[in-house]
Asker: 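This is the structure, below, for whatever I ask next.
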Amino acid sequence: MSSSSVLSSSPSFQTFLDLPLKSTPFPRSQLLLFPPPFYKPTAGAVFLCNSTPPNTNSSPSLSDQLHPFSLDLLKQTQPDTNEQNQDNLVLSHKPKSTWINPSRPRPKVLSLNRQRRPPLPYNPDLTDLPRISSRLASVGPDEFSAVIDELLPEPPTRETALLILNSLRPWQKAQQFFLWLRSGKFFELDTIFYNVAIKNLRYGKQFDAVEILATDMIDSGIELDNVTYSTIITCAKRCSKFDRAIHWFERMYKTGLMPDEVTYSAILDVYAKLGKVEEVLSLYERARSNGWIPDAVAYSVLGKMYGEAGDYEGIQYVLQEMKTAGVEPNLVVYNTLLDAMGKAGKPGLARTLFDEMLEKGLRPNEKTLTALIKIYGKARWSKDAIELWDKMKSNNWPMDFILYNTLLSMCADLRMVKEAESLFEDMKKSGRCVPDSWSYTAMVNIYTNSGMGDKALEVFYSMLDNNVEPNVMSCTCLIQCFGKAKRIDDVVKVFDVLIQRGINPDDRLCGCLLSVIAVCKSDQIVKVLNCLTMAKPKLVGLINTLATDDDDDDDDVLKEEFRGILTETVVESRRPFCNCLIDICLNQNFSKQRAQQLFSLGCLFGLYPGLHVKRDREWSLNLRSLSIGAACMAFEAWMENLTACVDKKIDGKESLPNLFSVHTGAGSLKLATGLATSFAEYLEKSAFPFKRSEETPGRFVATKQDLILWIDQLTIQL
DNA sequence: ATAGGGTTAG
């Protein structure tokens, strides 16, 4: 999971727990350290003339100059209405495309001409090359030097050396060969040699070595050109050293070299990967006003960025910009935008885009189809998914193992058991794709989702027989399934396999074990607790604390113990932990007070955001994503609150809304039994005045009158 | 067959 979603999912949690904040890749102040461009200013680049020479930090940076520019844009496109202002704010970041061709020319940020490659000289002694290459490819690191000497008794020509260098993998060989060439001094190693060497190091993600080479170039006075910079920047990006990528980009301006569009798109992608949408847009617009006609690659970068942000308006903006610039989307752009549409939750528009792409005569590839299948699966559009699958077969569109696995996962989500089985057979017969742990896990998932535990176990064992390493998810699915079926011995059996195989039980799996403990009979609990002791002993300790009645002053003990566990738990498992622990307290007859304490700690730690919604006419309680026990605790706490509210406002009842509602959700395919049913049962057993809504499944309502009447009765009873 | 940028699965 990405760090940004960790940050955004529960901000308040971090405050309370004093979690170490996941730091952004580098501080904003560094991000804004663009170089002071000191290249010869073009006409109209007035403010650039005033910038001081390089190597001082006091001059206005390019981004300082860009910053007000983006603020200007914000002002120009300020939304004129205040409805949906959240969405419009996003829109307002996107400049209108009429921006090109402004009255005053803007200072240059990129060169409109790509760096050209000199034509290659004809080289007659390339005939030996295959022999040399294949030999070097097969030789181990220890003999490498000796084999080079043997294969190249005569110094190679410059061209042969370049060809060999280019073909060497892994990076250690390329590095060795490069050093051999350098020490041999057969000819001067120019920029091209360094560029090829850097590219090879990039394959091996050796960014430190890349920087050493680049520094070496600088020290030796070898020119760094656009190819050098774009390779360094993309290497930094692939190694997640975004600050270094920006450092080298800045250095270009400092040394007076203009990036061309390749380098420029590379840096756009760096900012995009950092989620710096505004910076990307400023750079994009700035280059546009320089007369840049971006190509498909640049638009793919923009599209991907908006996809990651789930920003539908942004995707539309990209499409519009392409039209304005007269750029036709190619297959990659379509693939990116389709995926982006999926991430923005727009399956219908993805389908339309796909149709448009077909109409243009483009043939989808594996990635296109993977994106679409994922979207249809997520949207639960089984009809469209099956239709697409038929089309894939009849058009003989390409399949790869990722697409197979995506199809299998979709079948699991949509409970398409038959289809999954035939796909799985297809895959085995295809000859090209061998089922991997992902495929087997999808099959396990399919069977466990449908309650077919024995079938799932069968697939699980066939995975082991085929020497495919099971992953933790397959174990989690099985444990969940057997837990629901109260087959505790099978739960333990699966857990044992996991331990034997040395698979690390992750937080999800521990959450699953907790949920098993919540539902199993008391004489079975110890078996599961034994598993949990191996997986996460602290949770067993916490359960012991919960089993002990609170003697008034150990409130903080529980709080600190729980906090300690949550701090080291991944975000997406924190709420499930709390849910399950509450269920354990209630189902295993620990004191109810413990369940209440857990719930309020959960609220304190920000695990249950957005529980209450107050509108003028209706106050509601959103119990979706709570377990039944947690839902009851939340509901009772809410009722207590409402009672206090009504009592306080005894003279001003008009400030209360007319309607109160509780939402449990109707229960998706995945949670077939659903919270709604359990909550309805709970309400029936209690005297609370809420009734099931006739119109909306998963909704329970009470009027203000109901509530006041109920409270009055309570008072009389007391 | 000799150097650079973008797209695929819980």
Side-chain angles (χ1 to χ4, degrees), chain A residues 1 114-123 126-127 129-130 133 156-168 190-200 202 224-235 237-238 245 259-270 272-273 294-305 307 329-340 342 364-374 377-378 398-410 412-413 436-439 441-442 444-445 471-474 476-477 508 572:
Chain A
M1 113 170 300
R114 261 197 217 200
Q115 182 178 318
R116 273 189 36 229
R117 294 182 187 185
L120 301 169
Y122 172 68
N123 192 310
L126 291 186
T127 42
L129 201 69
S133 290
T157 63
R158 183 181 179 278
E159 284 70 29
T160 310
L162 251 185
L163 273 173
I164 293 173
L165 181 62
N166 188 53
S167 70
L168 286 179
D190 58 11
T191 304
I192 296 184
F193 274 93
Y194 277 89
N195 290 350
V196 176
I198 291 173
K199 184 187 71 169
N200 271 312
R202 191 183 58 184
L224 282 73
D225 62 12
N226 259 285
V227 177
T228 321
Y229 281 110
S230 58
T231 317
I232 295 173
I233 288 168
T234 51
C235 180
K237 185 172 63 185
R238 286 176 208 181
D260 66 8
E261 71 170 337
V262 175
T263 316
Y264 206 75
S265 324
I267 207 71
L268 279 184
D269 195 39
V270 168
K273 294 253 145 66
D295 62 3
V297 176
Y299 286 114
S300 174
V301 168
L302 292 184
K304 170 102 189 186
M305 172 180 78
N330 64 9
L331 183 58
V332 175
V333 171
Y334 272 116
N335 290 350
T336 309
L337 291 179
L338 280 172
D339 191 59
N365 66 7
E366 298 89 336
K367 290 171 186 167
T368 323
L369 300 166
T370 301
L372 264 184
I373 287 295
K374 203 175 71 180
K378 203 170 129 199
M399 297 275 283
D400 63 3
F401 79 103
I402 294 182
L403 180 50
Y404 268 116
N405 286 348
T406 308
L407 280 162
L408 286 173
S409 300
M410 178 202 70
D413 288 344
D436 66 352
S437 78
W438 206 300
S439 330
T441 301
V444 168
N445 195 7
N471 58 22
V472 64
M473 188 190 171
S474 55
T476 306
C477 290
R508 276 172 206 249
E572 67 265 24

Asker: Ignoring the backbone of A:T370, work out which of B:dA3, B:dA9, B:dG6 is nearest its side chain.
Answerer: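 For the A:T370 side chain, the nearest candidate turns out to be B:dA9.
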Asker: Quick check for you: among B:dT8, B:dG5, B:dG4, whose closest atom lies nearest to any side-chain atom of A:T234?
Answerer: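 Closest nucleotide to the A:T234 side chain: B:dG5.
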Asker: Look at all strands and tell whether A:D339 reaches a base, only sugar-phosphate, or nothing, counting heavy atoms closer than 4.0 Å.
Answerer: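 The answer is nothing, as A:D339 stays clear of every strand by at least 4.0 Å.
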Asker: Rounded to whole Å, how long is the line connecting atom CZ of A:R238 with atom P of B:dG6?
Answerer: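 Those two atoms, CZ and P, are 5 Å apart.
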Asker: Check the phosphate of B:dA9 against A:K374, side-chain N and O only, distance under 4.0 Å to OP1 or OP2. Yes or no?
Answerer: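 True: A:K374 side-chain N/O within range (under 4.0 Å) of B:dA9 OP1/OP2.
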Asker: Counting any heavy atom closer than 4.0 Å, what does A:A296 reach on the DNA or RNA strands: base, sugar-phosphate only, or nothing?
Answerer: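 Base contact.
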Asker: Sequence neighbours excluded, which residues qualify as ring-ring contact (aromatic ring centres under 6.0 Å, His included) partners of A:Y404?
Answerer: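 For A:Y404 there are no ring-ring contact (aromatic ring centres under 6.0 Å, His included) partners, ignoring immediate neighbours.
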Asker: Sequence neighbours left out, what passes ring-ring contact (aromatic ring centres under 6.0 Å, His included) with A:F193? Give chain and number order.
Answerer: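 Only A:F187 meet the ring-ring contact (aromatic ring centres under 6.0 Å, His included) criterion with A:F193.
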Asker: Nearest whole angstrom, please: distance from the C1' of B:dG5 to the CG of A:N330.
Answerer: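 Spelled out: CG on A:N330 to C1' on B:dG5 is 13 Å.
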Asker: Just by distance, with hydrogens left out, do A:R202 and A:T231 show a side-chain donor and acceptor under 3.5 Å apart?
Answerer: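 A:R202 vs A:T231: no donor-acceptor pair found between side chains.
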Asker: Roughly, in whole Å, what's the span from CD1 in A:I402 to C1' in B:dT8?
Answerer: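 From A:I402 CD1 to B:dT8 C1': 5 Å.
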Asker: Tell me whether the ring of A:Y264 lies stacked over the B:dG5 base, given a 5.5 Å limit on centroids and a 30° limit on the plane angle.
Answerer: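 According to the criterion (under 5.5 Å, under 30°), no, A:Y264 does not stack.
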Asker: In whole angstrom, give the distance that lies between atom CD1 of A:I233 and atom P of B:dG6.
Answerer: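 For the pair A:I233 CD1 and B:dG6 P, the rounded distance is 12 Å.
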Asker: Identify which nucleotide among B:dA1, B:dA3, B:dT8 has an atom closest to any side-chain atom of A:N195, counting heavy atoms from C-beta outward.
Answerer: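 Selected nucleotide (nearest to the side chain): B:dA3.
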Asker: Would you say the base of B:dG5 and the side-chain of A:R114 have a donor-acceptor pair closer than 3.5 Å?
Answerer: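 Result: at least one qualifying N/O pair found.
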Asker: Among B:dG5, B:dA9, B:dG4, find the nucleotide with the atom closest to the side chain of A:T263.
Answerer: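 Nearest to the side chain of A:T263 among the choices is B:dG4.
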Asker: Regarding A:K237 and A:D269, does a basic nitrogen lie under 4.0 Å from an acidic carboxylate oxygen?
Answerer: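 Salt bridge between A:K237 and A:D269, a charged N being under 4.0 Å from a carboxylate O: yes.
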Asker: Indicate whether A:W438 forms a stack on B:dG10; treat it as stacked only if centroid distance is below 5.5 angstrom and interplanar angle below 30 degrees.
Answerer: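 By the stated criterion, A:W438 and B:dG10 stack.
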Asker: Should A:R202 be listed as having a side-chain N or O under 4.0 Å from OP1 or OP2 of B:dG5?
Answerer: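 So the side-chain polar atoms of A:R202 do come within 4.0 Å of the phosphate oxygens OP1 or OP2 of B:dG5, strictly under.
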Asker: Tell me what A:T228 touches on the nucleic acid: a base, only sugar-phosphate, or nothing, going by heavy atoms under 4.0 Å.
Answerer: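 If one applies the 4.0 Å heavy-atom cut-off, A:T228 turns out to touch nothing in the nucleic acid.
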Asker: Please report the distance, rounded to the nearest Å, between CG in A:L338 and P in B:dA9.
Answerer: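 Taking CG of A:L338 and P of B:dA9, I get 13 Å after rounding.
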Asker: Could you work out which one of B:dT8, B:dG4, B:dT7 sits closest to the side chain of A:T336?
Answerer: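 The nucleotide sitting nearest to the side chain is B:dT7.
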Asker: For the pair made of CG in A:L163 and C1' in B:dA3, what is the distance, rounded to whole Å?
Answerer: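 Interatomic distance, CG of A:L163 to C1' of B:dA3: 12 Å.
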Asker: Between B:dA9 atom P and A:D413 atom CG, what is the distance in whole Å?
Answerer: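 Roughly 14 Å, once rounded to whole Å.
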Asker: Any side-chain N or O of A:K199 less than 4.0 Å from the OP1 or OP2 oxygen of B:dG4?
Answerer: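 Answer is yes, contact under 4.0 Å.
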Asker: What nucleotide, of B:dT8, B:dG6, B:dG5, holds the atom closest to the side chain of A:V301?
Answerer: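 Closest of the options to the side chain of A:V301: B:dG6.
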Asker: Should A:I192 and A:R158 count as side-chain neighbours, where that means a heavy-atom distance under 4.5 Å?
Answerer: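 Sidechains of A:R158 and A:I192: in contact.
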Asker: At less than 3.5 Å, do the side-chain atoms of A:D260 and the base atoms of B:dG4 form a donor-acceptor pair?
Answerer: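 Answer is yes: a donor-acceptor pair is held.
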Asker: State which of B:dT7, B:dG4, B:dA3 makes the closest approach to the side chain of A:V196.
Answerer: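 Between B:dT7, B:dG4, B:dA3, the one nearest the side chain of A:V196 would be B:dA3.
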Asker: Figure out the CZ/C1' separation between A:R116 and B:dG4, and round it to whole Å.
Answerer: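 Rounded to whole Å, this separation is 16 Å.
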Asker: Regarding B:dG4, can its base be found pairing with the side chain of A:S230 as donor and acceptor, where the two atoms are less than 3.5 Å apart?
Answerer: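 For A:S230, whose side chain was compared with the base of B:dG4, there is a donor-acceptor pair (under 3.5 Å).
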Asker: Can you tell which of B:dT7, B:dG4, B:dA9 lies closest to the side chain of A:V332?
Answerer: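 Selected nucleotide (nearest to the side chain): B:dT7.
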Asker: Given side chains that start at C-beta, do those of A:S230 and A:I233 come closer than 4.5 Å, heavy atoms only?
Answerer: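 The answer is no, as the side chains (C-beta and beyond) never meet within the 4.5 Å cut-off.
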Asker: Taking the basic N atoms (NZ, or NE/NH1/NH2) and the acidic carboxylate oxygens, is any pair closer than 4.0 Å for A:K374 and A:D339?
Answerer: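 Yes, A:K374 and A:D339 are salt-bridged.
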Asker: From B:dG4, B:dT7, B:dG5, pick the nucleotide closest to the side chain of A:A266?
Answerer: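 Closest nucleotide among those given: B:dG5.
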Asker: May I ask you to verify if any side-chain N or O of A:K273 is less than 4.0 angstrom from the OP1 or OP2 atom of B:dG6?
Answerer: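 So the side chain of A:K273 is outside the cut-off, no N or O lying under 4.0 Å from OP1 or OP2 of B:dG6.
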Asker: Considering only side-chain heavy atoms of A:K304, which listed nucleotide, B:dT7, B:dG5, B:dA3, is closest?
Answerer: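 Minimum distance to the A:K304 side chain belongs to B:dT7.
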